[in-house]
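What follows is a set of notes on a single structure, which appears directly below.
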2 protein chains.
Amino acid sequence: MQTAATDTEEELATRQVILQAAYEEIHVRGFQAASLSKILANTNVTKGALYHYFPTKLALGYAVVDEILAEQIQQQWVQPLLQTDDPVTGLIQIIKQAGQELTEEDIYCGCPLNNLAQEMAPVDEGFRSRVEFVYEAWRTGTETAFKNGQDKGFVKKEINATSVATMIVASLEGCMGLAKNARSKKMLYQCGESVMDYLQSLRT
Amino acid sequence: MQTAATDTEEELATRQVILQAAYEEIHVRGFQAASLSKILANTNVTKGALYHYFPTKLALGYAVVDEILAEQIQQQWVQPLLQTDDPVTGLIQIIKQAGQELTEEDIYCGCPLNNLAQEMAPVDEGFRSRVEFVYEAWRTGTETAFKNGQDKGFVKKEINATSVATMIVASLEGCMGLAKNARSKKMLYQCGESVMDYLQSLRT
DNA sequence: TGTTATACATACCAATCGGTATGTATGTCA
DNA sequence: TGACATACATACCGATTGGTATGTATAACA
């Protein structure tokens, strides 16, 4: 029933269970207010297992950023955008799809990356730098897509792709943040429309 | 040395000291991680005084939103904008002034309203609704300014002032959030430039 | 001048926190 | 088959948390 000696068998199933439960608890309560006891209570894993895989609570939080959030952003925002030729059309499609896939509960809890950024940036440098690494990938991925779009004649040459990429990430996070506090999918869509209008203004 | 019986003498100086200290601690640590003991340690006020003025920690947090943050947003973003005829020119000026006035430490701690929104919205309805009240005032103030701008011929008639107002608040909060995690005033300015470009695109 | 309410101050408390010490079951390998 | 490392499980610990009970000094008022 148990796996012992030499991990990596079923991709460390127990570790993944802990990581996922931590991700969910942190998503709702934030990192500092997330209780290890409550995380474990949501699984059938004990504290011994937790501290076998993670030396501290902080290390568990870091792993959530490195192994879950980085992947999420990459798969949802960066990779699909880099596969399109016209970044405006591509990003609008990604935004629409994201809007459809988000449940009301997702909206109520907001973007987990932004949550951790706003909570932990002033409190812990390890968190901040790891979150920044993910944001950096998001921004530079977007920047690359828009530079390619400029080269292929889809996007105005006079815009600064770096600034625009930052603005895009900022406005998306801002929209999600406002919709989260308003608890309103309608506001998310309304704000999303304005973001898409902005994107259209970047066309040649 | 002490004021007793019938408050309201020096505008409840002690209460204000507690409130201000709470605001500062919450700004850095967040509400849930803010410790009452540490808040009091930053003043020369005791726990007895705190619980004389505030029945619970939650009530103290609510007072920070109602009495400090609401006023901040109103004074910094709503009132100046409503005094201008051309909202685009007006808002650009407000953004530039805000950017100049912000210290590096302000950037590192981010917008206190956004901080509380992202942290507390899923956790406590009392917080969420109070923060929402402030956001609502910010959004509708901006909306009114842009509707007036449309009437006076400064702003395109075809834009939806409600959506635009939401987008403006979202992108401003998004910019501050990104700059906070990046710990970069340069990024704040860079992102602010793109917001101002967006505002320019709303002109007739 | 005595009474009372206000405005604090001090000491303490149960609950919860992250973390540790110890024990045990199981698979690997010599 | 025995030795050993891995993979947990259980019980416990000091520190910190928000909150309370109690005491006291002062001002207003009758």
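Everything numeric here is computed off the predicted structure, so don't read it as measured data.
- Put simply, CD1 on B:Ile39 is 11 Å from P on D:dG19, counting in whole angstrom units.
- If you measure from atom CG of A:Leu40 to atom C1' of D:dC8, you get 12 Å, rounded to the nearest angstrom.
- Side-chain contact of A:Glu67 with A:Tyr23: a donor-acceptor pair under 3.5 Å is absent, judged by distance alone.
- In this structure, B:Phe31 atom CZ and D:dT17 atom P are separated by 14 Å, rounded to whole Å.
- Axis angle, first five pairs versus last five pairs of the helix from C:dT1-D:dA30 to C:dA30-D:dT1: 10°, rounded to 10°.
- Under 4.0 Å is where a charged nitrogen must lie from a carboxylate oxygen, and between A:Glu143 and A:Arg139 no such pair does.
- Residue pairs meeting the ring pair (Phe, Tyr, Trp, His ring centres under 6.0 Å) criterion with at least one member in residues 71-92 of chain B, sequence neighbours excluded, are B:Trp77-B:Trp138.
- Side-chain nitrogen and oxygen atoms of B:Tyr53 include at least one within less than 4.0 Å of the OP1 or OP2 phosphate oxygen of C:dC8.
- For C:dA7, the OP1/OP2 oxygens have a side-chain nitrogen or oxygen of B:His52 closer than 4.0 Å.
- One finds no salt bridge joining B:Asp86 and B:Lys152 here, because no Lys/Arg side-chain nitrogen approaches an Asp/Glu carboxylate oxygen to under 4.0 Å.
- Distance CZ (B:Phe54) to C1' (D:dT20): 18 Å, rounded to an integer number of Å.
- A donor-acceptor contact closer than 3.5 angstrom links the side chains of B:Tyr62 and B:Asp124.
- Atom-to-atom, OH of A:Tyr51 to P of D:dC13 comes out at 17 Å; the value is rounded to the nearest Å.
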Scan nucleotides 10-17 of chain C against the protein and return all N/O pairs shorter than 3.5 Å with their distances rounded to 0.1 Å.
{"from": "C:dC17", "atom 1": "OP1", "to": "A:Ser35", "atom 2": "OG", "distance (Å)": "3.1"}

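- B:Glu24 and B:Gln20 are linked by a side-chain donor-acceptor pair at a separation below 3.5 angstrom, with hydrogens and angles left out of the test.
- Salt-bridge formation is not detected for the pair A:Arg29/A:Glu119: no Lys NZ or Arg NE/NH1/NH2 atom is positioned less than 4.0 Å from an Asp or Glu carboxylate oxygen.
- When only modelled atom types and interatomic distance are considered, B:Gln97 and B:Glu101 share a side-chain donor-acceptor pair under 3.5 Å.
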